[in-house]
Amino acid sequence: MTTLTRPAAPLPRLLSPALPRRRVRSWLVSWLQVSPLAFILIVLFAMPTFLFAVVSFFDYDRTGIYPAFILDNYRDLLTTPATIRVYVSSLTFAVIVWAITLFLGLNIAHFLIFHVHSAAVRTVLFLLCAIPFWTSGIIRTIAWIPFLGRNGAFNQIVMGAGLTSQPIDFLLFSRFAVVITYVNLFTLLVVGPIANSLAKIDPALIEAARDAGASRWRVMVEVIIHCRKPALPSARSWSSPRSWAISLSSSR
């Protein structure tokens, strides 16, 4: 007797068919990625700058600001001798401070990278330079008063050594004191980017230049400075605008 078997029924499909995946366009992804930063820049930078530009044309007096469109503010800005003197003085301080901090920062960074071979000693020296920056800039500025004053430590040392018979007056409350204070505030900010840039130079380039008979000055100019030119604008951006802004605000 032959037994016929019925084929098994197919199992019901439990899973729904996969939906086609929607690909997000590349330009939309780019806009989504940049939108948080764009929002911050627009709200915190572009809008305040636009409002500042609009208000600069308004009229004002001692009691308030009145909407108008006048050019008196810009006329006073460009023609008043006191304002011009403030800007020239601020720009002069910015250039002087930038030149000094760049010279000191380049030499300090060169010493830390090429003459201090121990990474631990290099870190310790850099931390010793950074310790004063743990305090407020105002405190570091005021700290120069007991050092450079008429009865300060420096005058006491100079008079004690017999180099002068009376205190030196130009050390404090003068242009010299302003430059010294700014250099103290911004030198370490210049050392950082320059040191990071010098650390990327292959020591073999310096050794090859020395083997070729190049002097230390030519090695510095044609190898080190030439290879690390991009770090100089970065160092300038840390020192020059800040010194100009602080000098301008203090002068006003």
Side-chain angles (χ1 to χ4, degrees), residues 15-58 60 65 67-71 73-74 77-78 87 90-91 93-95 97-99 101-102 104-106 108-110 112-113 119 122-123 126-127 129-130 132-138 140 182-183 185-202 205 223-252:
L15 299 177
S16 59
L19 297 176
R21 298 181 60 183
R22 296 181 179 179
R23 297 185 60 184
V24 182
R25 297 185 178 182
S26 58
W27 64 267
L28 181 59
V29 175
S30 300
W31 276 105
L32 291 176
Q33 291 176 345
V34 78
S35 58
L37 180 59
F39 176 78
I40 294 175
L41 291 178
I42 292 174
V43 174
L44 300 181
F45 179 75
M47 291 181 61
T49 304
F50 175 75
L51 293 176
F52 177 80
V54 171
V55 174
S56 65
F57 294 99
F58 287 3
Y60 70 95
I65 300 177
F69 185 82
I70 59 175
L71 300 176
N73 299 327
Y74 290 95
L77 178 66
L78 299 175
Y87 279 97
S90 302
L91 182 60
F93 280 126
V95 173
V97 171
W98 173 75
T101 52
L102 182 62
L104 294 177
L106 182 60
I108 294 174
H110 183 274
L112 291 177
I113 299 300
R122 185 184 306 161
T123 303
F126 193 81
L127 288 177
C129 296
F133 286 80
W134 295 355
T135 60
S136 172
I138 299 176
R140 285 183 280 123
Y182 287 164
V183 169
L185 290 175
F186 301 128
T187 298
L188 186 63
L189 300 179
V190 176
V191 173
I194 293 180
N196 291 332
S197 181
L198 294 182
K200 300 177 183 179
I201 297 179
D202 188 358
L205 294 176
V223 178
I224 297 177
I225 296 180
H226 180 74
C227 293
R228 296 296 97 191
K229 282 183 179 179
L232 301 182
S234 176
R236 179 179 60 187
S237 66
W238 278 105
S239 62
S240 182
R242 286 166 174 79
S243 61
W244 189 8
I246 296 176
S247 176
L248 181 61
S249 60
S250 61
S251 300
R252 300 284 294 209

For this session: Evaluate side-chain contact (heavy atoms from CB on, under 4.5 Å) for His110 paired with Ile194, printing each intermediate quantity in order.
Result: CA-CA 8 Å; His110 183 274; Ile194 293 180; over 6 Å; no
Exercise. Are any of the side-chain heavy atoms of Val191 and Phe126 separated by less than 4.5 Å?
Worked result: yes
Problem set entry | Nearest-0.5 Å distance, CG of residue Leu185 to CD1 of residue Ile138 | 10.5 Å
Problem set entry | Leu106 side chain reached by Val190 side chain, heavy atoms, under 4.5 Å | no
Problem set entry | Rounded distance (nearest 0.5 Å) linking atom CZ of Phe186 with atom CG of Leu104 | 14.0 Å
Problem set entry | Within 6.0 Å of CG in Leu127, more than 12 heavy atoms from elsewhere | yes
What pairs of donor and acceptor atoms, side-chain ones from residues 34-57 against any protein atom, are under 3.5 angstrom apart with sequence neighbours left out?
{"unit_1": "Ser35", "atom_1": "OG", "unit_2": "Trp31", "atom_2": "O", "d": "3.4"}
{"unit_1": "Ser35", "atom_1": "OG", "unit_2": "Leu32", "atom_2": "O", "d": "2.9"}
{"unit_1": "Thr49", "atom_1": "OG1", "unit_2": "Phe45", "atom_2": "O", "d": "2.6"}
{"unit_1": "Ser56", "atom_1": "OG", "unit_2": "Ala53", "atom_2": "O", "d": "2.5"}
{"unit_1": "Ser56", "atom_1": "OG", "unit_2": "Tyr74", "atom_2": "OH", "d": "2.7"}

Problem set entry | Closest heavy-atom pair and its distance - Thr101, Val97 | OG1-O, 2.6 Å
